[in-house]
Amino acid sequence: MTSKTLTRMDLSEAVFREVGLSRNESAQLVEQVLLHMSDALVQGEQVKISSFGTFSVREKSARVGRNPKTGEEAPIPPRRVLTFRLSHLMKDRVATGNKA
C-alpha cells in the first residue's frame, strides 16, 4: 500500500483535467468548496457528501485525564472536535479496495 497524500493541488489539477476550467479557476473552485465546508463546520452544521460521508462537530465535556507515562492526573478542558462518518458505499469501497 502506498502512502501518497491527496493535496489541494491534486484536487485542483483533477478539476482542471476533468472539467476543463483553467488551472487558476480550478484552484479557486477547490478553495471555495473547502472554505464553504469549513465555515459550515465552524458554525456547528453538518457537511454531508452523498456516497462519501458526513463531517460533524461534537462538543466534548471537561474530564480528568491521566498522563500515561507518569500516571499523573490532568484536567482536560471542554472542546469541540471534528468527526467523520463514512457512508456505507464508501465503507464498502475502502474495504474491498474497489476503485470503480
Side-chain angles (χ1 to χ4, degrees):
M1 184 175 228
T2 63
S3 62
K4 172 136 174 48
T5 301
L6 183 68
T7 64
R8 290 175 188 223
M9 183 68 93
D10 296 332
L11 291 173
S12 63
E13 186 66 25
V15 170
F16 167 72
R17 283 193 316 270
E18 298 291 326
V19 179
L21 296 174
S22 71
R23 278 193 165 84
N24 192 29
E25 289 172 329
S26 298
Q28 288 176 351
L29 177 64
V30 169
E31 286 299 320
Q32 287 300 312
V33 168
L34 294 174
L35 180 65
H36 193 67
M37 288 173 60
S38 61
D39 286 346
L41 290 166
V42 166
Q43 294 172 11
E45 300 174 26
Q46 279 190 348
V47 175
K48 186 178 228 174
I49 302 173
S50 193
S51 300
F52 186 73
T54 304
F55 296 90
S56 57
V57 176
R58 247 184 57 194
E59 302 284 338
K60 294 187 94 176
S61 57
R63 63 186 177 92
V64 176
R66 193 174 301 276
N67 181 332
K69 198 170 193 177
T70 64
E72 184 180 332
E73 290 187 350
I76 299 174
R79 62 199 189 282
R80 296 173 57 169
V81 295
L82 180 64
T83 62
F84 177 72
R85 184 174 169 100
L86 282 171
S87 74
H88 293 291
L89 292 173
M90 183 57 71
K91 190 179 288 187
D92 293 342
R93 277 186 72 183
V94 169
T96 61
N98 185 6
K99 297 190 184 234

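- With a 6.0 Å radius and a threshold of 12 heavy atoms from other residues, nucleotides or ligands, Glu59 has its CD atom above the threshold.
- What you find for Thr5 and Asp10 is that their closest heavy atoms are O-OD2, 3.4 Å.
- Residues Val15 and Leu6 share a hydrophobic cluster, clusters being chains of Ile/Leu/Val/Met/Phe/Trp/Tyr side chains in contact below 4.5 Å.
- Side-chain contact between Val19 and Glu25: absent, with no pair of heavy atoms (C-beta onward) separated by less than 4.5 Å.
- Here the OG atom belonging to Ser26 is positioned 12.0 Å from the CD atom belonging to Glu31, to the nearest 0.5 angstrom.
- Summarising the geometry of Leu21 relative to Leu29, their closest heavy-atom pair is CD1-CD2, 4.1 Å, with the distance given to 0.1 Å.
- Taking the side chain as every heavy atom from C-beta outward, Ile76 and Lys60 never approach each other to under 4.5 Å.
- Listed here is the closest heavy atom pair of Ser51 and Ser87: C-OG, 3.2 Å.
- In this structure, CG in Leu89 is found 12.5 Å from CZ in Phe52, a value given to the nearest 0.5 Å.
- We find the CG-CE distance between Leu35 and Met37 to be 11.0 Å, quoted to the nearest 0.5 Å.
- Side-chain atoms of Ser56 and Thr83 form a donor-acceptor pair, as typed in the model, at a separation below 3.5 Å.
- The hydrophobic clustering, which links ILVMFWY residues whose side-chain heavy atoms are closer than 4.5 Å, places Val81 and Val42 apart.
- The minimum heavy-atom distance between Leu41 and Val57, with the atom names listed, is O-CG2, 3.2 Å.
- Under the 4.5 Å side-chain heavy-atom criterion for Ile, Leu, Val, Met, Phe, Trp and Tyr, Phe84 and Val33 are members of the same hydrophobic cluster.
- Crowding of Arg8 atom CZ: a count of heavy atoms from other residues, nucleotides or ligands under 6.0 Å not exceeding 12.
- Residues passing the ring pair (Phe, Tyr, Trp, His ring centres under 6.0 Å) test with Phe16: none are found, sequence neighbours excluded.
- Distance check: Arg85 CZ to Lys48 NZ gives 10.0 Å after rounding to the nearest 0.5 Å.
- Cluster annotation: Met90 and Val47 are assigned to the same hydrophobic cluster (Ile/Leu/Val/Met/Phe/Trp/Tyr, side-chain heavy-atom contacts under 4.5 Å, transitive).
- Arg80 CZ to Arg58 CZ: the interatomic distance, rounded to the nearest 0.5 Å, is 13.0 Å.
- Rounding to the nearest 0.5 angstrom, the gap separating the OG atom in Ser22 from the CD atom in Gln28 is 7.5 Å.
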